[in-house]
Amino acid sequence: MESRSKATVLLEDPSDLVVLDNPAPPDNGLVVLVGQANVGKSVVFSRLTSRYVTISNFPGTTVEIFRGQVDLDGETVEIIDTPGINSTYASSEDERVALRVLQDDRPGLIVQVADAKNLRRTLRLTAQLAQFGIPMVLTLNMMDECERKGIYVDSDMLSKKLGIPVVQTVATTGTGLEGLKKLLRSRQRCSLNGHEPLQWVEDALESVQRSTPGEAEKLDTRTKWFTFLVLFGSLLHLENYFGAWFGLPTLATGFQSFFTTQGFPEILTGALTVILAFLLPVLLPVLWAIGKDHGFNERFGVWARQVLPGTFILVVTMSLVFQLVGVLGAQTLVGILEEGIFSGYITPFLQGIIPSGFVYDLLVGQYGVISMGISYAIAIVLPVVSTFFIAFSFLEDSGYLPRLSILSDRLLRAMGLHGKALLPMVLGLGCVTMATMTTRILRSKKERFVATLLLALGVPCSAQLGVILGITSGISLKALLVVFGTVASQLVFVGFVLSRLYPGQRSSFVLEVPPIRCPVWKNIFRKTYWRVVWFLKEALPLFAIGALALFVLDKLQLLSKVIAASEPVVTGLLGLPKETASVFLIGFLRRDYGAAGLFDLSRQGQLDSIQIVVGLVVLTLFVPCIANSLVIVKEQGLRKALGIISFVFVYAVGIGGLLNWLLHTFGIVL
Amino acid sequence: MKRDSSADADPLTKLKTRERARIVRIEGEEAMELASFGLYTGTEIQVKQRFPSYIVQTDEAELALEPAVARKIFVLRLK
């Protein structure tokens, strides 16, 4: 256990605990772990004992009882792990087993392991367990998740209320478990003191947890005020889009002309306009209202899951994300990094000091590891991914995403999935590879297959999304709608057909809806930081390898042959210049890499609007990147993976050709 | 007003928004899963929303259910 003593203990000193009496000597010394399913009981057990325990993911699959020994100051304490229970009413085989242990073995101590973020459910079980009259310790596990969700639990106060020690742990990392181990000899009994259990739970909850309980059936004046402000901000935000269509003077154009007359540089003007005209009018009132008033949180949480207000909130949210990722990230930051730093200083500087020849071509040539690989990763993809992760972490922490699941449930069910599949889909907008791994949360094989295929087919990852938004914002809203409309309709169509062809059942949709909370900025930035670090670790080598592969293909004259071979399809069917063939080729190394190449071509003015739109659609639908392909093989097996990849390839080119033909035949101006 | 007897139990889908009810029976294999969310026989619930998904409030949380699941939960209305 030496290796674990290094783990930081959340509750630094066990003497911080409020212990009402001195610990009594152990009776039969037996310790029993009790708690709901999936609260990390098994992890706590295996961390306390030296015995390895496999962790089951489904409630009701560990009917066996696990026994083990804990070394405590040279003595051993026997410990038993029981199956997850929700109540002491024994409605299932599992619960019966757990309760038999409590009744028959008469343990000296119950350690209730609980999900810290579901304190109400936890305390209801505590109240029931207290009636056994056995000494207890309450372990609030998954404190990391709890913190991430922005829930604060006052465990000192809780300990006072319950009359038993309360310890906070993160079992997966071992945090707090040394503190728990020291409490295995504690013998405090929990007592309701004659209170009615449910009322007792509510009283305890009120004083120890900062959350948003209760119902806000009526709107008080303050909530009305907040609602008005948020609505006003949202309308102001939307006015910037719609006003421009009707040629009205908007807030955005107002700021723009003001900053221009003040002599601000173009990039700064753009950034300030986005922040002042688009982001702040909505974000400030929303954050203020959610941070100050619980009544508003509740109302907002209700609106976000209802069809009409929910759609309005979705539109505003999406356009906010667009402003942050597509404009601020993909245009302003990319502009600064790419044109300003890489093309402006780094590449010319390196080109100046490296003598021309092999090394020059390798590092800073047309397919140079630095001039192409690193600069694409850092200058084009990184800003987009970072801003996306900020937006995603914010939505994740606010509790908005489950409401989106509810809104999208019916649509997803038509596609053989259900609301829970929304999370992998939205995550796919961050990174499809990461999202493909999370399809494991879906219960049935069918759902996992459908979700994996749809992710591979049509869900653009953040870098790609940013590039799509970046390029199309330079053309028109119509171009953006054509790209997204085409891709989205294909997702729905393929999902619809696939759900009828693929055998098997989908699981049912049951989802807990967390309250809307004001996200903690520190957590958002910490999460964003880790996600960006993870991204760089994974992507930078691939970007460099990608450039290197192109460089080698180019040197061996193979690149031109591959491009020539694909020319009939690229120039003929899709109507694109032949250079885009190399874009699709590198798109396989990383999708965002390909998108960045397309961005480059369009910035050089080599593509017209129809070509850009067709190129974006094909690239979005096109084969998944190497990393994602490997994960698909891992999750679905080689045979299915090859099926998915070849289907996606043919389908993408087919749809691209069809779109090209349609746009030209009907003379659609974008 | 309905009399409280098990024969009067309706599926949850029959409830109107804001109606309160007590669960008397859950059919099908979802019973276990629902129990882990705090929905079991005896739980008092309130319907908060019926479309696009059913939303029920229990003491513990707000739960979203698809209609196919809601149909298997039988309840007695509470006054």
Side-chain angles (χ1 to χ4, degrees), chain A residues 36-39 58-61 84-87 89 91-95 117-125 198 201-202 205 213 215 217 298 301-303 305-308 310-311 399 402-403 405-413 418-420 443 506-515, chain B residues 6 9 11-13 15-79:
Chain A
Q36 270 108 352
N38 298 321
V39 294
F58 293 89
T61 50
I85 61 169
N86 283 305
S87 65
Y89 304 129
S91 59
S92 72
E93 186 64 39
D94 273 5
E95 295 190 346
K117 64 185 185 301
N118 266 320
L119 208 51
R120 179 176 274 110
R121 204 186 294 172
T122 298
L123 292 181
R124 286 183 72 175
L125 185 61
L198 289 183
V201 168
E202 292 308 309
L205 269 177
E215 290 168 41
E217 291 291 335
E298 294 227 347
V302 170
W303 288 321
R305 60 168 161 73
Q306 288 173 339
V307 178
L308 281 180
T311 310
R403 284 157 176 92
S405 287
I406 293 166
L407 283 186
S408 62
D409 179 50
R410 284 192 184 241
L411 179 66
L412 287 166
R413 267 191 275 144
H418 62 60
K420 272 186 205 167
R443 292 279 188 80
R506 75 177 168 79
S507 63
S508 47
F509 174 61
V510 182
L511 184 74
E512 191 166 335
V513 192
Chain B
S6 207
L12 201 150
T13 44
L15 293 181
K16 295 188 190 75
T17 309
R18 290 185 186 205
E19 265 190 306
R20 290 175 185 279
R22 190 180 297 280
I23 297 176
V24 292
R25 186 169 86 241
I26 298 177
E27 291 178 353
E29 60 198 29
E30 283 91 356
M32 272 291 291
E33 191 187 355
L34 291 172
S36 72
F37 285 105
L39 288 188
Y40 21 61
T41 304
T43 308
E44 200 180 296
I45 53 145
Q46 185 186 19
V47 175
K48 308 287 274 187
Q49 180 177 318
R50 291 164 48 88
F51 189 88
S53 305
Y54 281 85
I55 308 278
V56 295
Q57 166 104 38
T58 68
D59 278 343
E60 309 174 21
E62 260 185 9
L63 290 180
L65 310 166
E66 66 170 298
V69 177
R71 265 194 291 277
K72 294 179 182 168
I73 301 173
F74 289 84
V75 296
L76 281 178
R77 288 183 179 81
L78 295 172
K79 186 76 172 67

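The shown structure was predicted, so the numbers you read here are calculated from the model rather than taken from an experiment. Letters A, B, ... mirror the listed sequences (proteins, then strands); counts begin at 1. The figures here come from the full heavy-atom set of this structure, side chains too, leaving out hydrogens, waters and symmetry mates.
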Residue list, ring-ring contact (aromatic ring centres under 6.0 Å, His included) with Y54(B), at least two apart or on another chain: none

side-chain contact (heavy atoms from CB on, under 4.5 Å) against P52(B), all qualifying residues, sequence neighbours excluded: V307(A), I406(A), L407(A), R410(A), Q49(B)

Contacting region of S507(A) [heavy-atom separation from chain B under 4.5 Å]: backbone

Side-chain donor/acceptor of E66(B) to backbone N/O of F509(A), under 3.5 Å: yes

Inter-residue atom distance T58(B).OG1 - R124(A).CZ, 0.5 Å rounding: 7.0 Å

Contact class of R413(A) relative to chain B, heavy atoms under 4.5 angstrom: side chain

Heavy-atom check, side chain of V510(A) versus side chain of L34(B), under 4.5 Å: yes

